[in-house]
There are 2 protein chains.
Amino acid sequence: MVPQKDDFRIGALSRQSGVKIETIRYYERIGVMPPPPRSQSGYRLYDDSHLRRLSFIRRSRHLGFSLEEIRGLLVLVDGHAYSCAQVQALTQDHLETTRRKIADLQKLEGVLGDMVAQCDGGLVPDCPVIDILFDQKPGNQ
Amino acid sequence: MVPQKDDFRIGALSRQSGVKIETIRYYERIGVMPPPPRSQSGYRLYDDSHLRRLSFIRRSRHLGFSLEEIRGLLVLVDGHAYSCAQVQALTQDHLETTRRKIADLQKLEGVLGDMVAQCDGGLVPDCPVIDILFDQKPGNQ
DNA sequence: GTAAACCCTGTAGTAACTACAGACTCAAGA
DNA sequence: TCTTGAGTCTGTAGTTACTACAGGGTTTAC
């Protein structure tokens with residue numbers, strides 16, 4: 001492929017996409033980014049389609065999709081065979097996972113909040129938080 | 001140390017604590033669990049103090065404390081030099097981190113929910129979720 | 001021409017585990 | 001007592017998603 005005016009190297013792609021150079025190379029290695037053409041000196045040459053794909057990956061990562069989930073989405077898109085139903089199902093799954101994580105964290109928050117509330121912040125080596133973690137609740141002694 | 005009646009081996013500790021054998025050995029390797037005495041044949045021998053410490057670690061992990069945070073707590077406890085104020089501060093930090101995670105996930109939930117809501121689940125290769133991820137919002141074309 | 005920035009591949013590290021492999025030990029049953 | 005399977009050991013490597021070099025080649029700006 002002859003270098004084109006709109007080709008850019010990995011540093012430029014990194015700056016434009018907000019994804020680190022090393023991460024871009026990692027994505028290529030694990031296959032979610034296609035290997036781009038190279039210059040005579042071996043430099044990777046990217047065009048706008050790569051930038052769009054990388055931005056897709058980045059947005060999806062920011063939304064908490066795992067790389068494997070992103071790979072699944074990209075397989076659908078690359079094959080031009082996806083249906084809106086398929087994508088919706090994947091996204092719905094992810095949404096439900098997110099909700100479960102929130103619920104788990106909220107339980108945690110509750111427990112932690114209770115623990116902290118039992119602390120009077122004194123200067124003595126005696127603390128209800130430690131007791132709880134050592135399962136030495138006042139009722140257990 | 002002469003084997004004592006209340007000594008038990010790693011499998012028993014694993015069953016009693018709910019922490020896997022390999023994880024126990026990992027905790028020892030990274031220093032949050034002390035190396036226990038050994039039998040003549042080289043088997044690790046644990047007593048109730050180890051079980052208590054491991055349960056502390058497990059509870060803290062379940063509460064989302066990182067191993068490094070747990071290490072910090074254990075340093076305080078081991079030195080018998082902690083104050084309730086120190087522990088409270090660490091726990092409060094952790095509580096605030098948990099709250100931030102919840103907030104982040106709730107934002108995510110909102111975005112994902114909006115995305116899914118735009119899907120009519122059709123059978124055609126045309127999906128607002130994909131468009132959004134490719135930054136091809138209707139208003140961007 | 002020079003020096004710094006850029007890029008390459010390969011390797012290894014992070015956090016918190018997890019899973020072998022190969023070899024030794026123990027315990028239960030015959 | 002012998003046998004066999006379970007238990008344990010150390011060492012190594014893998015998981016996920018990056019991240020950070022090292023050493024060497026290339027490009028760019030002054």
Side-chain angles (χ1 to χ4, degrees), chain A residues 3 5 7-33 35-47 50 54-74 94 97-98 101 104 108, chain B residues 3 5 7-47 50 54 56-74 94 97-98 101 104 108:
Chain A
K5 245 201 182 117
D7 283 351
F8 42 97
R9 293 184 310 207
I10 196 166
L13 182 67
S14 171
R15 285 185 292 275
Q16 290 177 58
S17 64
V19 182
K20 292 189 177 177
I21 291 174
E22 289 155 341
T23 307
I24 297 171
R25 286 200 285 243
Y26 170 66
Y27 287 164
E28 178 186 319
R29 197 155 65 244
I30 65 170
V32 292
M33 277 293 286
R38 302 286 183 114
S39 68
Q40 291 289 332
S41 48
Y43 287 12
R44 293 169 172 80
L45 300 175
Y46 296 100
D47 61 27
H50 296 106
L54 186 58
S55 298
F56 179 99
I57 294 166
R58 180 171 173 271
R59 262 179 223 108
S60 305
R61 285 291 303 122
H62 278 193
L63 289 177
F65 287 95
S66 70
L67 285 174
E68 214 43 49
E69 286 170 323
I70 292 166
R71 192 195 301 278
L73 286 171
L74 288 171
H94 187 55
T97 300
T98 303
K101 282 180 188 166
D104 284 348
L108 259 194
Chain B
K5 250 211 182 115
D7 282 351
F8 43 97
R9 293 185 307 208
I10 198 167
L13 183 66
S14 170
R15 285 187 290 278
Q16 289 177 61
S17 64
V19 182
K20 292 188 174 175
I21 289 173
E22 288 155 338
T23 307
I24 297 170
R25 286 198 286 240
Y26 171 67
Y27 288 164
E28 179 187 320
R29 197 156 61 243
I30 64 170
V32 291
M33 276 297 284
R38 303 286 183 116
S39 68
Q40 291 288 335
S41 50
Y43 286 13
R44 291 168 173 80
L45 300 175
Y46 296 99
D47 60 29
H50 297 105
L54 186 58
F56 179 99
I57 295 166
R58 181 171 171 270
R59 262 179 223 109
S60 304
R61 286 292 301 126
H62 279 193
L63 289 177
F65 287 94
S66 70
L67 286 173
E68 214 45 48
E69 286 169 326
I70 292 164
R71 190 193 304 275
L73 286 171
L74 288 171
H94 187 56
T97 301
T98 302
K101 283 181 191 167
D104 284 348
L108 260 193

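Both backbone and side-chain heavy atoms feed into the values below; hydrogens, waters and symmetry mates do not. Reminder, nothing fancy here: chain letters follow the sequence lines and each chain counts from 1.
In this structure a side-chain-to-backbone donor-acceptor pair under 3.5 Å is present from S60(A) to F56(A).
Checked against dT28(D), dA17(D), dG7(D), the side chain of Y43(B) finds its nearest nucleotide in dG7(D). Ranking dA16(C), dC18(D), dT18(C) by closeness to the Y26(A) side chain, first place goes to dC18(D). In the set dC18(D), dT8(D), dT18(C), dC18(D) carries the atom at the smallest distance from any side-chain atom of L67(A). Listed nucleotides dC18(D), dT10(D), dT19(D) differ in distance to K20(A); the shortest reach to its side chain belongs to dT19(D). Considering only the side chain of I10(A), dC8(C) comes nearest among dT27(D), dT10(D), dC8(C).
Side-chain contact between P36(A) and E28(A) is present, with heavy atoms from C-beta onward closer than 4.5 Å. Within the 4.5 Å cutoff, the side chain of I24(B) has heavy atoms near those of the S14(B) side chain. Counting only heavy atoms from C-beta outward, the side chains of R58(A) and Y27(A) never approach each other to under 4.5 Å. Contact annotation: the side chain of D7(A) never approaches that of Y43(A) to less than 4.5 Å [non-hydrogen atoms, C-beta and beyond].
Between G42(A) and Q40(B), the residue anchored nearer the 5' end of DNA chain C, judged by the nucleotide with its closest heavy atom, is G42(A). Of the two residues near DNA chain D, R29(A) and S41(A), the one whose nearest nucleotide lies more 5' is R29(A).
One atom, CD1 of I24(A), and another, P of dC6(C), lie 14 Å apart when rounded to the nearest Å. Following rounding to the nearest Å, R44(B) (CZ) and dC26(C) (C1') show an atom-to-atom distance of 17 Å. Protein atom CG of L45(B) is 13 Å distant from nucleotide atom C1' of dC9(D), rounded to whole Å. Protein atom CG of D7(A) is 16 Å distant from nucleotide atom C1' of dT27(D), rounded to whole Å. Distance, F8(B) CZ to dT8(D) C1': 16 Å, rounded to whole Å. Rounded to an integer number of Å, the gap from E28(A) CD to dA17(D) P is 18 Å. Per the geometry, CG belonging to L13(B) stands 15 Å off P belonging to dG7(D), to the nearest Å. Residue I70(B) contributes atom CD1, which lies 13 Å from atom P of dA15(C) at whole-angstrom precision.
Here Y27(A) does not reach the OP1 or OP2 of dA17(D): none of its side-chain N or O atoms lies under 4.0 Å away. In terms of phosphate contacts, R25(A) brings no side-chain nitrogen or oxygen within less than 4.0 Å of OP1 or OP2 of dT9(C). Between R38(B) and dT10(D), a side-chain N or O to OP1/OP2 separation shorter than 4.0 Å is present. Under 4.0 angstrom from either OP1 or OP2 of dT18(C) there lies at least one side-chain N or O belonging to T23(B).
Atom CZ of residue R9(A) and atom OG of residue S41(A) lie 7.5 Å apart, to the nearest 0.5 angstrom.
Among the heavy atoms of the strands lying under 4.0 Å from R9(A) are primed sugar atoms or P, OP1, OP2 only; no base atom is included. Using a 4.0 Å heavy-atom criterion, one finds that R61(A) contacts the sugar-phosphate atoms exclusively. Residue-level contact check: I21(A) touches the backbone only, with heavy atoms under 4.0 Å from sugar-phosphate atoms and none from bases.
Pairs of residues two or more places apart, or lying in two chains, that qualify as salt bridge (charged side-chain N to carboxylate O under 4.0 Å, His left out) and include a residue from residues 62-74 of chain A are E68(A)-R71(A).
By the 30° and 60° cut-offs, the orientation of the rings of Y46(A) relative to F8(A) is tilted.
Comparing the helix axis at one end of the helix from dG1(C)-dC30(D) to dA30(C)-dT1(D) with that at the other, each defined from 5 consecutive pairs, gives an inter-axis angle of 10° (nearest 10°).
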